[in-house]
Each structure stands twice: as C-alpha cells, then as structure tokens.
*Asks:* 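Please find one structure pasted underneath; my questions will follow.
For clarity, every value in this text was computed on a predicted model and none was experimentally measured. Only heavy atoms go into these numbers, but all of them, side chains included; no hydrogens, no water, no symmetry mates.
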Amino acid sequence: MFVFSVKSLKLKLIAIIAVVLIACVVFIYFAKRDKPASAGGAINYSATNEDERKAFLAQFGWETSGEPIEVVEVIIPAEFDEVYENYNKIQLEQDLNLKPYAGYRVKRWTYEITNYKGYENKPGYIRANLLVYDGRVIGGDICSVELDGFMHGFKNPKAASEQTTGESQTTAEAATKKAKTGSA
C-alpha cells in the first residue's frame with residue numbers, strides 16, 4: 001500500500017491559483033462582452049430596445065418617423081466580396097468594423113429619416129439602417145432609396161460641409177473687410 005500526502009500549504013496554494021484563474025476568465029468574458037463597437041467611446045452604441053435605437057440615431061441629429069419600417073436577420077458573410085468591402089469602408093470611417101462579425105447572424109433595423117436636408121417634403125426617401133448584434137450597434141448607414149441615391153455613415157456629411165462652408169465664408173468676409181479698411 002502506498003500513501004501519498006500533500007502538505008496543506010500546497011493545497012491552499014493550488015486553491016488560490018484556481019480562484020485567481022477563474023476570476024481572470026470571468027473578467028475577460030465580461031470585459032470583451034461590454035466592449036463598445038467603437039474606440040471613440042463618446043457615442044452610446046446600446047440598442048437593446050426601441051428607445052435606445054432611436055436615441056442612437058438622435059446622437060447624430062436624425063429624427064425617425066416612428067416604428068421601424070423593417071426588421072430582418074442578416075448574416076454577415078464569412079468572406080467579404082467587393083460590395084461588403086466597400087460597405088465596410090463606410091463602417092471604418094465611423095470607427096466601426098464588420099470584419100469581427102464575419103459569419104454572424106445580426107438584426108438590421110430600418111427606420112425612415114424625416115429631417116434629412118433637402119428631403120423634408122419627400123417622405124420615405126431617406127432611411128437609416130442599424131446592424132445590431134447582442135444589443136449593440138455594430139454598423140449601419142444612412143441612405144436614399146432613389147435610383148441614383150447615396151449611402152454614407154451615421155454622421156451627416158451635409159451638416160459638416162455646411163459648417164466648413166460657413167467657416168470659409170466668415171474667413172472670406174474677414175479678408176474682404178481687411179482689404180477694404182486697408183488693415184493687415
């Protein structure tokens with residue numbers, strides 16, 4: 001008969017190491033799960049319910065007509081073709097990336113946008129698409145349903161260009177004023 005004995009100090013050490021390893025695994029799991037879809041951090045990407053999805057769009061100044069027009073499940077392809085590569089470029093410009101979700105089944109929520117400049121009197125022409133996985137926005141776009149329409153990220157490029165144009169006009173006005181007064 002063989003007798004094998006372990007000192008209680010070794011048992012305590014093994015127990016402590018096991019508890020630390022379990023705590024690390026749990027921490028990594030929840031840290032990865034709650035990680036925002038963007039590194040920016042200023043935008044709330046939560047989309048677990050209707051109010052959160054509308055609030056997400058409102059962060060960019062968009063107003064919706066109410067309930068979503070369409071809710072469908074889509075599978076992000078495991079390998080991106082040219083169309084998905086181009087679509088992912090839009091996502092990358094807004095600090096999102098669909099590549100980590102390749103092969104995943106996600107929901108696409110489509111809303112009608114009612115306050116897109118130039119389309120206020122054309123209901124149904126502008127739409128917002130939100131791609132949602134595990135209650136978070138992972139991608140999407142603002143697009144026109146016209147034949148020669150457009151598609152861009154959530155930020156309104158017209159608002160940015162108007163702001164830049166306004167700044168340019170102010171600079172030009174200041175230069176003209178200086179030229180008239182003869183000041184340098």
*Asks:* Just wondering, do N88 and N97 contact through their side chains at under 4.5 Å, heavy atoms?
*Replies:* yes
*Asks:* Given Y45, which of Q59, R136, E52 fulfils the side chain to side chain contact (heavy atoms under 4.5 Å, CB included) condition?
*Replies:* R136
*Asks:* Indicate yes or no for a side-chain donor-acceptor contact from N115 to the backbone of G61 under 3.5 Å, with no hydrogens or angles considered.
*Replies:* yes
*Asks:* Just to verify, what does K107 make a salt bridge (charged side-chain N to carboxylate O under 4.0 Å, His left out) with, not counting sequence neighbours?
*Replies:* none
*Asks:* To the nearest 0.5 angstrom, please state how far the OH atom of Y119 sits from the OH atom of Y125.
*Replies:* 8.5 Å
*Asks:* In Å, rounded to the nearest 0.5 Å, how long is the span from CD1 of I90 to SG of C143?
*Replies:* 9.5 Å
*Asks:* Look at the side chain of E93 and the backbone N and O of G153, then say whether any donor-acceptor pair between them is shorter than 3.5 Å.
*Replies:* no
*Asks:* Output side-chain donor-acceptor pairs under 3.5 Å for residues 75-82, partner residues at least two apart or in another chain, one line each.
*Replies:*
from	atom 1	to	atom 2	distance (Å)
D81	OD1	V83	N	3.2
D81	OD1	Y84	N	2.9

*Asks:* Does the pair E112/R127 count as a salt bridge with the N-to-O cut at 4.0 Å?
*Replies:* no
*Asks:* Can you confirm whether more than 12 heavy atoms, excluding those of Y104, are under 6.0 Å from its OH atom?
*Replies:* no
*Asks:* Tell me whether Y101 is reachable from V74 by hopping between hydrophobic residues (I, L, V, M, F, W, Y) whose side-chain heavy atoms are closer than 4.5 Å.
*Replies:* yes
*Asks:* Mind checking ring pair (Phe, Tyr, Trp, His ring centres under 6.0 Å) for Y111 and listing every partner two or more places apart, or none if nothing turns up?
*Replies:* none
*Asks:* Kindly indicate whether the side chain of W109, heavy atoms from C-beta on, has any atom under 4.5 Å from the side chain of E50.
*Replies:* yes
*Asks:* Measuring from atom CD1 of I142 to atom CG of N156, what distance do you get when rounded to the nearest 0.5 angstrom?
*Replies:* 8.5 Å
